[in-house]
Amino acid sequence: MKTRVSLDEELAKLSRDVPPPRELWPGVVRGIVRTPRSAPRLSSVPWMAYAASAAGLCLAAALAWVMVQGRPPMTASGSGAASGSGAASGPGAASAPGVAANPAAQGSPLGSPQGSAQGSWQGSPPAGGDSSAGSAANLGEPSDPRYLAARAELERTFNQRLGELDPATRAKIEADLASIRKARDDIRKALASQPDSPVLEQLLASALHDEFDLYDAVVRTTQPTTARI
Amino acid sequence: MGSVQHLHLVDLIDENVEPTAVIAAAAQGDLAAFEALYRRFAPRLYGLCLRLTGQREAAEDCVQESFVAAWRGLGRFEKRSRFATWLQRIAIRTVIARRRGLRNAHEVGEPATGLPDRPDPAGGAPPLDLERAIAALPEGARDVLVLVGIYGYSHAEAANVLGVAEGTCKAQLHRARGLLSAALGLEES
């Protein structure tokens with residue numbers, strides 16, 4: 001039989017490192033956006049305003065998703081800025097079922113988190129941006145044509161389904177989407193003048209994720225019952 | 001990924017090398033550099049939080065909150081300790097603060113999941129059993145066992161970060177070892 005000396009040996013042999021079972025970085029970024037440094041060092045960059053917009057859009061997307069799903073917004077265990085609560089557990093989260101189930105999202109250049117080794121978001125060269133952009137700035141935009149095609153198709157379906165919703169729900173979702181797009185466009189403008197800002201790149205990635213996730217949430221939750229898995 | 005490409009990424013690979021350049025860049029607001037630090041240190045923090053909380057979701061939350069706190073406090077990191085040690089202190093305090101909040105809310109967590117599944121070359125008790133036995137320990141005993149027994153803290157360091165007396169720390173370790181031995185059917189040496 002083993003002794004307590006061997007217990008100490010067993011304890012010492014346990015690996016101190018345990019990889020998280022899911023990607024936690026997006027939640028960290030959201031937390032950073034929500035709770036900026038008290039003494040920010042980026043004094044010349046007015047990115048806090050865009051960060052605030054992005055935080056708002058995350059919440060808006062989460063609320064829209066919750067409204068459509070008819071679920072409470074968070075569990076009792078959710079806490080803190082970066083916890084799995086709110087937007088982090090809603091449509092913007094890496095583990096959101098819509099994103100995980102969507103091949104377009106999985107292969108997306110929008111920093112699909114599970115495959116990222118050293119950076120979930122890479123600024124890609126100017127390549128047209130997404131169809132809903134309406135902005136001259138293409139910095140940090142996704143460029144993978146497969147992603148763009150999938151996104152365009154999702155947006156088309158979203159618009160179609162949106163028209164089938166009752167007016168009150170539709171108005172709420174449209175208001176949320178407008179908030180998301182406003183923030184997205186503000187971040188794009190900021191990126192045009194601060195093209196090397198990794199913070200703005202992250203924020204843009206987050207905004208595009210949230211827009212995509214809102215489309216996806218609406219499409220999934222308005223799926224005809226027989227077509228749902 | 002921005003400026004992180006120009007940083008000393010090799011520093012992030014070697015555990016014994018303090019990634020000072022990456023830390024400095026992150027302290028200046030480089031989020032890509034901070035993400036590189038996250039990639040390097042998240043497994044250590046997750047392992048620590050998972051063992052302290054015994055719950056996967058709680059550990060995930062604590063890791064995220066810890067990195068957000070680290071981002072906010074990077075400007076105050078004075079390099080008197082290693083960055084990993086500083087991060088771990090943040091994580092431990094996050095876990096303790098979370099516990100206090102949950103105690104107030106009377107939340108009951110799920111059993112421990114997501115624990116590392118490592119083969120046991122010695123052929124003894126499977127590590128997973130050991131992890132489960134650790135997770136089942138009372139909080140005070142578990143905290144000390146995890147910090148001292150697994151993460152190599154001295155009693156003084158563990159007592160300091162846990163906010164208890166050093167004697168309490170030693171007593172809790174003794175208690176933890178006894179409970180673990182009983183749970184795993186080990187003999188007194």
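In this text, all values refer to a predicted model and were calculated from it rather than measured experimentally. We name chains A, B, ... by the order of the sequence lines, and we start the count at 1 in each one.
Salt bridge status for E65(B) with R30(A): absent, with no side-chain N to carboxylate O gap under 4.0 Å.
Summarising the geometry of S181(B) relative to L7(A), their closest heavy-atom pair is OG-CD2, 3.6 Å, with the distance given to 0.1 Å.
Side-chain contact between P20(A) and E60(B): absent, with no pair of heavy atoms (C-beta onward) separated by less than 4.5 Å. Side-chain atoms of D8(A) and R177(B), non-hydrogen and from C-beta on, do get closer than 4.5 Å to each other. With contacts defined as side-chain heavy-atom distances shorter than 4.5 Å, the pair V18(A)/R51(B) qualifies. Side-chain contact between Q64(B) and W25(A): absent, with no pair of heavy atoms (C-beta onward) separated by less than 4.5 Å.
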Just do the side-chain contact (heavy atoms from CB on, under 4.5 Å) check on F34(B) and I32(A) with the steps written out, would you? CA-CA 11 Å; F34(B) 190 65; I32(A) 287 171; 3.9 Å; yes
Exercise. Please test L11(A) against I134(B) for side-chain contact (heavy atoms from CB on, under 4.5 Å), starting from the C-alpha separation and ending with a verdict.
Key: CA-CA 10 Å; L11(A) 288 171; I134(B) 293 169; 3.7 Å; yes
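To the nearest 0.5 Å, atom NZ of residue K13(A) and atom CG of residue L130(B) are 10.0 Å apart. Taking CZ of R22(A) as the reference point, atom OH of Y46(B) lies at 9.0 Å (rounded to 0.5 Å). Taking OG of S15(A) as the start and CD of E131(B) as the end, the distance is 9.0 Å to the nearest 0.5 Å.
Side chain of Y151(B) to backbone of R16(A): a donor-acceptor contact under 3.5 angstrom is found.
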